[in-house]
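Here the structure comes first, spelled out in structure tokens, and everything after it is commentary.
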Amino acid sequence: MAMQPWFQDAKLGIFVHWGIYAVDGVQESWSFYDDIVPHDRYMSQLDRFTAARYDPRDWARLFARAGARYAVLTSRHHDGVALWDTAYGELNVGRDLIAGYAEALREQGLKVGLYYSHSDWNHPDYASTRKPGRPPELEDNRYSEVAAEFEDLEAWERFLAYRDGQIRELTRRYRPDLMWFDGEWDRDEEQWRIPELAALIRSEVPDVVFNARMLSEGDYATPEQGAPVVPPEGPWELCLTINDSWGHQHHDHHHKSVDQLIRYFTETIGGGGNLLLSVGPREDGTITDEQARRLEGLGDWIARHAEAVYGTVRGLPPGHHYGPSTLSKDRRTLYLTLFDAPRAEINVRGLLNDVRRVSVLGSGTELPHQVTGGLHETPGILWITPPAAADLDPHATVLAVELDGELELYRGGGRF
């Protein structure tokens, strides 16, 4: 399947980690898996999960103000608790919390993504087998596998039937544009029956996009939390928390600043990726002011620099400019991001094109520029006069460098 063009044009998505774990503010699923929270205490949150103030239209409007073009909601995490009234399995919140989300996103023109965990550490038939190649004795975790002597392949077939039933519900009811899978490490591709699962989903939503945790069927790479130093070659997406937690944790006030989020965002899109920024709503469905303000701050910056964000592709490779950049789709305009007030001229190395014009995005102020040096096939260095203080953005300034043709770069080592 060809990659859907909307995905690489989107640039920003919002990852919504919402589930019963928000009641006590514990880590989603892992807290009982790793015996940090007793299992019965963790599961007691199901009875205390209210969603009493959940308004998906508020979410969608906030995400649109942030500049996002899609969102991904945790329809079912590793704990097996479904956010819709599924007919499969015993664990769900007793009502449908996904339909309103999908409708509200589409009202705002956003694409609909659903997270679904391959693994389910609460399903009675899940811990019935083990990943091939593991030692025969039980070494991992009682919630995810059994010792080889206790494997029950009929139980595993029942689990797959349950999973397929839930996937049919999700695809038929909500017709997601993106399915974001997780938990793939617990089994191998053959055990998950990944090609069959992909065919099942595409039979309902043919143009669906899969992340890389659909293994051989994945459409794009999914680095998590750590921004890649060398960006993946193809489509990719960095998933990142606003603070240190995916879901809502009451004690976690260690939020990234708007400046930091803009840096993550510009470096990600400059490397050809999307940023999938996670928020963790409270159990009642509200998003904290701390997180909302940061989304809005990022969105304000994006709105002022939309030309350098949407409709662009990855920019200059490292070494050509000291900062991220993007390139217009016609490859005739470079957008250079400056995080600090420049104390000297800005330079670009290896540019084979002549430069028609350099201006500050937003104010439109034109900046003088010149080229010095160069020998034979090695081009000189482009020097750009720094913007005046009045033209600097309080977070990050963007310069538009208009070229005389499509971008051409020198990548050689010079004359020896």
Side-chain angles (χ1 to χ4, degrees), residues 1 3-4 7-8 10 13-19 27-30 33 70-83 111-121 123 126 129-134 140-141 143-145 156 159-160 162-164 166-168 170-171 174 176-202 204-205 207-228 231-241 246-247 268 272-278:
M1 299 292 291
M3 182 59 165
Q4 296 303 308
F7 179 81
Q8 288 176 280
I14 305 298
F15 208 175
V16 187
H17 278 74
W18 191 38
Q27 187 180 13
E28 58 288 338
S29 304
W30 291 97
Y33 184 88
Y70 66 106
V72 177
L73 173 64
T74 50
S75 69
R76 201 214 72 194
H77 208 271
H78 314 319
D79 61 13
V81 180
L83 291 189
K111 298 292 186 181
V112 174
L114 295 176
Y115 167 112
Y116 186 88
S117 172
H118 290 294
S119 53
D120 183 341
W121 296 332
H123 194 280
Y126 182 71
T129 187
R130 58 197 294 108
K131 190 172 183 177
R134 285 192 42 76
D140 192 15
N141 190 291
Y143 295 111
S144 63
E145 68 175 3
W156 182 248
F159 173 78
L160 292 177
Y162 144 81
R163 177 205 65 184
D164 289 350
Q166 287 199 329
I167 290 294
R168 285 191 193 93
L170 291 173
T171 53
Y174 316 116
D177 302 288
L178 185 153
M179 288 291 293
W180 209 104
F181 283 91
D182 198 10
E184 79 294 345
W185 63 83
D186 256 0
R187 303 286 187 268
D188 71 7
E189 176 147 340
E190 184 177 355
Q191 288 173 308
W192 292 129
R193 297 188 191 157
I194 291 293
E196 294 87 345
L197 178 59
L200 168 63
I201 296 169
R202 289 185 176 128
E204 300 289 342
V205 276
D207 294 333
V208 70
V209 175
F210 294 135
N211 70 330
R213 299 171 197 194
M214 268 292 274
L215 303 175
S216 66
E217 297 289 339
D219 294 305
Y220 66 90
T222 317
E224 180 174 329
Q225 291 286 53
E233 286 298 321
W236 63 281
E237 169 196 78
L238 171 64
C239 53
L240 180 77
T241 54
W246 296 107
T268 298
N274 291 350
L275 179 63
L276 184 62
L277 189 57
S278 181

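Please read these numbers as outputs of a predicted model, since none were measured by experiment. Note that the numbering runs from 1 along the sequence shown for the chain.
- Shown here for Ser119 and Trp192, the closest heavy-atom pair between the two residues is N-CH2, 3.8 Å.
- His118 and Phe181 have parallel rings, their planes meeting at less than 30° on a 0 to 90° scale where 60° marks the start of perpendicular.
- Taking His17 as the reference, Ser278 meet the side-chain hydrogen bond (donor to acceptor under 3.5 Å, both in side chains) condition, with sequence neighbours excluded.
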Salt bridge (charged side-chain N to carboxylate O under 4.0 Å, His left out) between Arg76 and Asp120: does it pass, once the steps are laid out? CA-CA 9 Å; Arg76 201 214 72 194; Asp120 183 341; 3.8 Å; yes

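- Taking Ser29 as the reference, His77 meet the side-chain hydrogen bond (donor to acceptor under 3.5 Å, both in side chains) condition, with sequence neighbours excluded.
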Under the side chain to side chain contact (heavy atoms under 4.5 Å, CB included) rule, what do Glu145 and Asp186 come out as? Steps first, then yes or no, please. CA-CA 8 Å; Glu145 68 175 3; Asp186 256 0; over 6 Å; no

Evaluate side chain to side chain contact (heavy atoms under 4.5 Å, CB included) for Asp164 paired with Leu200, printing each intermediate quantity in order. CA-CA 8 Å; Asp164 289 350; Leu200 168 63; 4.0 Å; yes

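- The cationic group of Arg202 does not satisfy the cation-pi geometry with Phe210, failing either the under 6.0 Å distance to the six-membered ring centre or the 45° limit from the ring axis.
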I would like to know whether Leu275 and Glu237 meet side chain to side chain contact (heavy atoms under 4.5 Å, CB included); could you show each step before the answer? CA-CA 6 Å; Leu275 179 63; Glu237 169 196 78; over 6 Å; no

Go through it in stages, so that I can follow the logic: the residues are Tyr115 and Met179, the test is side chain to side chain contact (heavy atoms under 4.5 Å, CB included), and I'd like the CA-CA distance, side-chain angles, deciding distance and then a yes or no. CA-CA 6 Å; Tyr115 167 112; Met179 288 291 293; over 6 Å; no

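- Of all heavy-atom pairs spanning Pro195 and Glu217, the tightest one is CA-OE2, 3.8 Å.
- Formation of a donor-acceptor pair under 3.5 Å by the Asp188 side chain with backbone atoms of Lys131 is not found in this model.
- Shown here for Ala212 and Ala221, the closest heavy-atom pair between the two residues is CB-CA, 4.0 Å.
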Test log, rule side chain to side chain donor-acceptor pair (under 3.5 Å), inputs Tyr220 and Gln8: CA-CA 10 Å; Tyr220 66 90; Gln8 288 176 280; over 6 Å; no

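- Checking each of Leu73, Leu114, Thr222 against Trp180 for a side chain to side chain contact (heavy atoms under 4.5 Å, CB included) leaves exactly one that passes, namely Thr222.
- For the pair Pro176 and Leu170, the tightest heavy-atom approach, listed with the atom from each and the gap, is CD-O, 3.6 Å.
- Heavy-atom minimum distance, Gln4 versus Asp207: CG-O, 3.1 Å.
- Using cut-offs of 30° and 60° on the angle between ring planes, the pair Tyr33 and Trp30 is perpendicular.
- The shortest distance between side-chain heavy atoms of Val72 and Leu178 falls below 4.5 Å.
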Residues Trp246, Trp18; criterion ring pair (Phe, Tyr, Trp, His ring centres under 6.0 Å); working and verdict: CA-CA 9 Å; Trp246 296 107; Trp18 191 38; over 10 Å; no

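- Between His123 and Tyr162, the angle of the ring planes lies from 30° to 60°, which puts this pair in the tilted group.
- Between Arg213 and Glu224, at least one side-chain N (NZ, or NE/NH1/NH2) sits under 4.0 Å from a carboxylate O, which counts as a salt bridge.
- Under the 4.5 Å side-chain criterion, counting only non-hydrogen atoms from C-beta, Ile14 is not in contact with Leu276.
- Of all heavy-atom pairs between Ile201 and Ile167, the closest is CG1-CG2, 3.5 Å.
- Ring centers of Trp185 and His78: under 6.0 Å apart, within the cut-off.
- Taking 4.5 Å as the limit, some side-chain heavy atom of Ser216 sits within range of a side-chain heavy atom of Glu189.
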